[in-house]
Amino acid sequence: MGKELTSRSEDYSQWYIDLVKKADLAENSDVRGCMVIKPYGYTIWENMQQGLDRMFKNTGHVNAYFPLFIPKSFLAREASHVEGFAKECAIVTHYRLKNAEDGSGVIVDPDAKLEEELIVRPTSETVIWNSYKRWIQSYRDLPILINQWANVVRWEMRTRLFLRTAEFLWQEGHTAHATAKEAEEETIQMLNVYADFVENFMALPVVKGRKSEGEKFPGAIDTYCIEALMQDGKALQAGTSHFLGQNFAKAFDVQFATKEGSLDYVWGTSWGVSTRLIGGLIMAHSDDDGLILPPKLAPIHVAIVPIFKSEEELQKITEKVNLISTELRKKGFAVKFDNRDTHKPGFKFAEYELKGVPVRLAIGPRDLENGTIEVARRDTKEKKVVSIDEVTTLIPALLDEIQQNIYTKALKFREEKTTHVDTFEQFKNVLDEKGGFVMAHWDGTPETEAAIKEETKATIRCIPLDAKEEAGKCVYSGKPSSKRVLFARAY
RNA sequence: CGGGGCGUAGCGCAGUCCGGUUAGCGCACCUGGUUUGGGACCAGGGGGCCGCAGGUUCGAAUCCUGCCGCCCCGACCA
């Protein structure tokens with residue numbers, strides 16, 4: 001019927017693209033690599049923002065906004081930072097257009113060249129630390145705990161809706177502290193906030209860990225991350241939190257007078273999650289019939305479909321439904337009563353399944369007679385008929401149960417797809433045949449990491465924070481290792 | 001940036017090899033009617049610079065040249 005999805009088993013990445021488009025989350029724009037986030041998709045983002053923003057505020061952060069454009073010279077201040085981003089920057093070189101003399105349209109006015117080119121921010125460390133230099137004189141000005149919600153641009157060669165786009169939306173936290181210890185604690189605190197959010201709102205279990213040298217953020221001393229597993233057995237980095245040390249403070253000369261009267265460079269952190277989370281949300285939970293959204297992020301919690309033949313029937317149903325929706329809205333749920341007479345109930349059922357609405361109610365003449373209503377849950381597809389009087393008290397518990405069930409299912413999947421291996425043969429076999437997370441010993445050298453990546457396409461996703469001390473031998477080099485690290489093929 | 005594929009109605013495609021009246025199909029859209037507890041049916045209707053520019057020809061979606069754009073697969077990345 002034009003709405004059918006490619007199945008996951010047939011072509012996982014096509015399934016993903018179909019789903020994003022058919023569930024009306026987003027579409028490609030005319031600018032390569034960019035996307036239009038449609039209202040249904042954007043509402044998911046708004047719900048994410050709401051949850052995260054509250055958590056940021058609760059941990060003492062405030063929001064601010066820094067400019068989109070960064071003077072080119074700023075980016076060059078921190079050597080590894082510029083190296084990390086140089087290859088994917090969009091650059092503004094002119095500030096004016098004019099009509100072409102031959103009438104063929106508009107052209108860039110060559111007389112309007114900028115003295116210094118501006119970089120469209122790929123991330124904001126540089127502009128922000130440039131401000132911090134002015135804001136910080138003394139230990140009394142610290143800490144600064146700022147977050148910003150913004151868009152950034154990274155000129156990627158290959159893009160995929162939500163997972164990797166040239167422009168994306170995110171939040172970036174940038175904090176400044178008087179001591180290394182405090183900054184390190186902040187880094188871990190925000191990692192925990194992310195893990196909490198992803199597990200409790202997105203219903204997606206994550207592994208918290210530290211990145212290897214090769215995988216860490218350009219400009220950071222340490223990068224921590226949360227890694228989630230997608231249904232196709234590939235890993236997705238869901239959030240990162242960086243301990244910046246004094247790198248940016250030194251690059252932007254941000255010093256402060258300590259209590260003791262000496263001068264010291266400020267310690268920094270930065271941390272972010274992006275609209276990529278929406279991609280992860282889709283890939284982690286959804287099925288061949290469409291999206292499955294956790295209630296805590298779903299734009300619509302309950303869709304109500306009336307079944308009617310006549311106008312009078314619809315009238316009677318509407319009266320009942322109004323009571324129910326008012327009650328549910330009072331409890332804080334987003335309810336949609338779909339009283340369109342242009343589509344049949346069956347069409348609507350399929351549509352709400354495609355869009356991942358957690359709970360669907362159906363009510364028709366039969367129900368009016370019996371004082372009942374049909375309740376269907378998206379995650380398990382179970383349907384049951386309940387008394388209309390108790391439906392509004394059942395739904396909050398049902399939504400909680402759905403949230404929990406989605407999480408449990410994802411956790412079980414991850415556990416099944418996490419394999420401990422001790423030889424390189426096993427390592428390769430598991431990656432090719434089973435996929436998922438592979439826990440293996442690693443000798444800690446970048447050379448081994450690179451060689452494994454070269455041979456298997458798998459990377460070290462992280463060194464898990466809860467890794468047990470365990471003597472072993474590196475799967476690749478055979479050299480001694482004290483703990484297992486998490487390998488996977490990744491997005 | 002290499003390799004492959006594709007641009008024809010809002011979407012998905014056929015037609016192109018072998019040039020020939022008015023460019024076709026499915027979905028979507030509009031109108032009317034019958035329907036409505038799992039993606040309705042019938043009838044009628046609207047919608048096209050056939051990616052752009054040039055050339056060959058009596059005649060080009062179709063052949064030739066150039067350009068532009070997109071998708072897939074690789075090297076780089078949240």
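Protein chains get the first letters and strands the later ones, always in sequence-line order, with residue 1 at the start of each.
The residue F217(A) sits apart from the nucleic acid: no heavy atom pair falls under 4.0 Å. Counting non-hydrogen atoms under 4.0 angstrom, R360(A) reaches a base of the nucleic acid. Among the heavy atoms of the strands lying under 4.0 Å from D367(A) is at least one base atom, whether or not backbone atoms are also near. Contacts of L163(A) with the nucleic acid, taken as non-hydrogen atoms under 4.0 Å apart, include base atoms.
Pairing for G44(B) goes to C30(B), judged as Watson-Crick or G-U wobble with the two contacts each under 3.5 Å.
Residue I307(A) contributes atom CD1, which lies 8 Å from atom P of G38(B) at whole-angstrom precision. Here the C1' atom of nucleotide G38(B) and the CG atom of D289(A) are 11 Å apart, to the nearest Å.
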**Study point:** Annotated protein contacts, base or backbone, on nucleotides 6-11 of chain B with a non-hydrogen cut-off under 4.0 Å, one of B, S, - each
**Key:** ------
Practice item. Encode nucleotides 69-76 of chain B as B, S and - characters from 5' to 3', where the letter depends on protein heavy atoms closer than 4.0 Å: B to the base, S only to sugar-phosphate, - to neither. Key: -SS-SSBB
Practice item. Show the numbers, then the answer: is there a side-chain contact (heavy atoms from CB on, under 4.5 Å) between R461(A) and K211(A)? Key: CA-CA 7 Å; R461(A) 301 318 305 155; K211(A) 285 292 190 192; 3.5 Å; yes
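The line from CD of E172(A) to CD1 of I146(A) is 11.5 Å long, rounded to the nearest 0.5 Å.
One cannot find a donor-acceptor pair under 3.5 Å joining the base of G39(B) and the side-chain atoms of E351(A).
Taking atom P in both G4(B) and G20(B), the straight-line distance is 30 Å, to the nearest Å.
Annotation: ring-ring contact (aromatic ring centres under 6.0 Å, His included) contacts involving residues 282-302 of chain A, sequence neighbours excluded, comprise H301(A)-F333(A).
Cation-pi geometry between K355(A) and Y40(A) is met: the NZ or CZ atom falls under 6.0 Å from the ring centre, inside 45° of the normal.
Using a 30° and 60° split on the angle between ring planes, Y132(A) and F66(A) fall in the perpendicular class, above 60°.
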